[in-house]
Q: 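Below: one structure in structure tokens.
Note that the coordinates shown come from a computational prediction; the quantities given were computed from them, not determined experimentally.
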Amino acid sequence: MSHNVANITRRRLLGSGAAVSASVIAGCIGGGGGSGNNDRFHFTQEQSREEQFDPVVSNDAYSFQVIQLVFDGLYEYGENLELQPKLAAGEPTVEREGTRYIFELEEGATFHNGDEVTAEDVEHSFVAPVEEETENAAEYNMIENTEVIDDYQLQVDLGDQPYGPFELATMGVTVVSKSARTEDRDAYNTNPVGSGPFTFAELQENEYVDLERNDDYWDDLEPNLPSVRFVAHDDNAGRVSDIRAGNTDAIAGIPNDDWSVLENEEGVQLHSAESPTFMYMAFNCNEGPTTNPQVRKAIAHSFSMSDFIESNAGNVTSPMYSPIPPVVNEVWEFPEDEYQNMLPSYDPDRAQSLLDEHAPDDFTPTIITPEGIRAQLAERIATRLDEIGYGADVQKLDFATLVEKYTTGNASDYQMYLLGWTGGPDPDYYLYPLFHESQAGTNQGHYYGGSDGFHQNIADARNSADQEQRYDLYEPVIREIVEQLPVMPAFTQDNTMASRNYVSGLQAHPEVTRNPTLVAEYTNVSLE
């Protein structure tokens, strides 16, 4: 996946920091919204949707927040990002040294039109993104061949080599109805047929999406909520006003400065979960003074990341000490405490000494950044550098211009840039796109050469099905990034929500597209 300016993708939503079209929600708040009358759950999203609800096509997080209630996955993420069977009857049979997977399906699972979910539907869900060259193709293009064994068994063959993230990511495919979808793909995209706990009821583009409870849901789970309305409100102040006034039952995306306001608001409760996001500051390792690791370390010594987080975002972010988000690290157990101790601490004297020795006398690095909290971090760094006799030129750019500049690798364009990335519970999501040499000039603009074996380890781990072997390949790569600082870890952004206190069972999920989770093994939201 690349930073494509044209679209905000599920993984890229926090990487860009850019808002999609700022549609106005007019007249869509009210009715069941904020009534607390057990009628309709009114949920206000933090950004507008692209209004594409076919999982084969859709690639924005906010449309997927709707999709995840209408569709089931072959496997789905649990409350701790563990991938669990949903339409699959259990774990797959793995053959051919990790390059063949045989899935067995639950019998009796049905789509909303009454058709049974079969292996042919799952096969179509795997291959359609590649055949139709949708933005989701890269998530499935490692599949070489599929074979429907019978109605309830599907064989999936990868290429010559295993694909490491397959079991933690690709198996989570959202299953569509092949017959309903191929009959009219355009209609399916705005009126989809899934097999999930809610049915698609009505779409008013750029206004609202209404869902209704699937009373014939094939699973044992029975949603408490009879209906759900999704609206979007891109304006932070507007969302906060809505929840305070009771115009909505729940909102997503609590601004840091409003956290304490809502925390003390009568009738409002807050929800938060760390997400698998990676915010970072990257150094230009291709040209200029920041190719010298001592200069990079000097800049890292010049300011306190922990102080910045505490003062600017402590309510809605968590610090990071490596490129692997903490919630992903919990799965893999890399030595995060060691990485924390390896990172340069705030030491302005050391910073000045290193810059005096290794940087030009007139060193004033250019930092390019999107608006928002990352711009605030860039300005904090510039202030601290100024205090030790250097300084920085902070350029706040729109995302298109930022991409155009940071991918050049030219020292005349930048010495540092701030961006972010989000993915799933596999290190490949963060290490291959952002650090492998094949991605230089596309997803990463630091152009870090690395030690012998650095890039090969990343590639080998991607092509291994042995998770212990992958750990052994990844660990020295992560350690080298922390030591050499081609990228300085900053923070991970939390998924936050606020709800009225009559909303019961709502909790934030680490994966943004799973919010709000309204019915699962561990919760069943209701209005009381």
Side-chain angles (χ1 to χ4, degrees), residues 278-308 319-323 335-336 338-369 374 377-395 405-406 408-419 431 434-435 437 440 444-455 457-458 475-491:
F278 170 42
M279 299 293 176
Y280 60 91
M281 179 178 69
F283 293 97
N284 187 336
C285 299
N286 190 54
E287 287 184 355
T290 49
T291 58
N292 185 336
Q294 298 305 318
V295 173
R296 303 197 293 267
K297 289 178 181 177
I299 293 170
H301 277 303
S302 72
F303 72 103
S304 170
M305 185 72 80
S306 59
D307 285 352
F308 171 79
M320 287 186 66
Y321 310 111
S322 83
E336 195 171 48
E338 288 185 38
Y339 303 149
Q340 181 179 358
N341 292 330
M342 290 164 57
L343 286 171
S345 58
Y346 177 49
D347 187 342
D349 292 337
R350 179 66 174 155
Q352 183 174 6
S353 174
L354 285 171
L355 288 176
D356 288 348
E357 184 176 355
H358 297 285
D361 292 341
D362 59 348
F363 182 55
T364 306
T366 299
I367 308 175
I368 57 174
T369 176
R374 284 163 287 194
L377 175 57
E379 289 167 349
R380 174 70 64 90
I381 296 168
T383 298
R384 294 293 179 261
L385 287 174
D386 184 66
E387 290 171 353
I388 60 174
Y390 287 91
D393 174 27
V394 176
Q395 297 182 7
K405 283 211 170 194
Y406 91 86
T408 65
N410 296 333
S412 58
D413 287 328
Y414 66 95
Q415 278 73 55
M416 294 123 78
Y417 64 89
L418 288 102
L419 269 178
L431 298 179
L434 299 181
F435 295 97
E437 57 191 352
Q444 54 108 331
H446 48 73
Y447 293 86
Y448 177 63
S451 63
D452 291 344
F454 180 85
H455 299 288
N457 274 15
I458 295 173
E475 203 285 320
V477 167
I478 298 169
R479 188 173 294 269
E480 180 172 328
I481 292 168
V482 175
E483 284 180 340
Q484 297 298 315
L485 290 178
V487 163
M488 184 172 181
F491 49 82

Q: Find out whether Glu338 and Arg479 are in side-chain contact, i.e. whether some heavy atom of one side chain is under 4.5 Å from a heavy atom of the other.
A: yes
Q: Enter the distance from Met320:CE to Glu336:CD here, rounded to the nearest 0.5 Å.
A: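 It is 7.5 Å, given to the nearest 0.5 Å.
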Q: Starting at CZ of Arg296, measure out to CG of Leu354 and round the result to the nearest 0.5 Å.
A: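 Here the rounded value is 12.5 Å.
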Q: Could you tell me the separation between the OG atom of Ser322 and the CZ atom of Phe278, rounded to the nearest 0.5 Å?
A: 7.5 Å
Q: Apply the test side chain to side chain contact (heavy atoms under 4.5 Å, CB included) to residues Asp393 and Ile367: give CA-CA distance (whole Å), side-chain angles for both, the deciding distance (0.1 Å), then the verdict.
A: CA-CA 6 Å; Asp393 174 27; Ile367 308 175; over 6 Å; no
Q: Check whether His455 reaches the backbone of Gly449 with its side chain - one donor and one acceptor, N or O, closer than 3.5 Å.
A: yes
Q: Is it true that a side-chain atom of Asn410 and a backbone atom of Ser412 form a donor plus acceptor pair closer than 3.5 Å?
A: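 Not at all, since once roles are kept as given, no pair shorter than 3.5 Å links the two residues.
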Q: Please give me the minimum heavy-atom distance between Leu431 and Pro323, naming the atom from each residue.
A: CD2-CG, 4.0 Å
Q: What are the two closest non-hydrogen atoms of Tyr339 and Val482, and how far apart are they?
A: O-CG1, 3.6 Å
Q: Could you state the interatomic distance from CZ (Arg380) to OG (Ser302), rounded to the nearest 0.5 Å?
A: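 Going from CZ on Arg380 over to OG on Ser302, the span is 11.0 Å.
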Q: Quick check for you: to the nearest 0.5 Å, what is the distance between Glu483 atom CD and Leu343 atom CG?
A: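 Glu483 CD to Leu343 CG: 10.5 Å, rounded to 0.5 Å.
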Q: After noting the C-alpha distance and the side-chain angles of Ile299 and Phe283, does the key distance pass the side chain to side chain contact (heavy atoms under 4.5 Å, CB included) rule?
A: CA-CA 10 Å; Ile299 293 170; Phe283 293 97; 3.8 Å; yes
Q: Kindly indicate, with the supporting measurements, whether the criterion side chain to side chain contact (heavy atoms under 4.5 Å, CB included) is fulfilled by Phe303 and Leu377.
A: CA-CA 10 Å; Phe303 72 103; Leu377 175 57; 3.9 Å; yes
Q: Is there side-chain contact between Pro319 and Gln340, with heavy atoms separated by less than 4.5 Å?
A: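 Pro319 vs Gln340: side chains apart.
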Q: Between Ile381 and Met416, is a side chain to side chain contact (heavy atoms under 4.5 Å, CB included) present by the stated rule, with each step listed?
A: CA-CA 11 Å; Ile381 296 168; Met416 294 123 78; 4.2 Å; yes
Q: If every non-hydrogen atom of Pro335 is compared with every non-hydrogen atom of Glu475, which pair is closest and at what distance?
A: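 In terms of heavy atoms, the two residues are closest at CG-OE2, 3.7 Å.
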Q: Closer than 3.5 angstrom, by distance alone: can the side chain of Glu480 be matched with the main-chain N or O of Ser451 as a donor-acceptor pair?
A: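 Confirmed, Glu480 side chain pairs with Ser451 backbone.
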Q: How close do Gln415 and Pro365 get, counting heavy atoms only, and between which atoms?
A: OE1-CA, 3.3 Å
Q: Quick check for you: to the nearest 0.5 Å, what is the distance between Asn284 atom CG and Thr291 atom OG1?
A: 8.0 Å
Q: Between Thr383 and Glu379 (side chain of the first, backbone of the second, donor and acceptor by atom type, cut-off under 3.5 Å), is there such a pair?
A: yes
Q: Which heavy atom of Leu485 sits nearest to which heavy atom of Ala300, and what is that distance?
A: CD1-CB, 3.9 Å
Q: Do side-chain atoms of Arg350 reach the backbone of Ala298 as a donor and acceptor pair under 3.5 angstrom?
A: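 Judged by distance alone, no pair lies under 3.5 Å.
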Q: Within a strict 4.5 Å, meaning less than it, do heavy atoms of the Asp413 and Ile368 side chains meet?
A: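 Heavy-atom side-chain distance check fails, nothing below 4.5 Å.
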Q: Could you report the tightest heavy-atom contact between Pro476 and Asn457, atom names first, then the distance?
A: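 Where Pro476 meets Asn457 most closely, the heavy atoms are CG-ND2, 3.8 Å.
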Q: Looking at Leu418, is its backbone amide N or carbonyl O close enough to the side chain of Arg374 to form a donor-acceptor pair, meaning the two atoms are under 3.5 Å apart?
A: no
Q: For the side chain of Tyr390 and the backbone of Asp356, is there at least one donor-acceptor N/O pair under 3.5 Å apart?
A: yes
Q: Could I get the full list of ring-ring contact (aromatic ring centres under 6.0 Å, His included) partners for Phe435, not counting sequence neighbours?
A: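 Testing Phe435 for ring-ring contact (aromatic ring centres under 6.0 Å, His included), a comparison that skips the adjacent residues, returns His446.
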Q: Test of understanding: with ring-ring contact (aromatic ring centres under 6.0 Å, His included), list the residues that count as partners of Tyr414, not counting sequence neighbours.
A: Tyr417
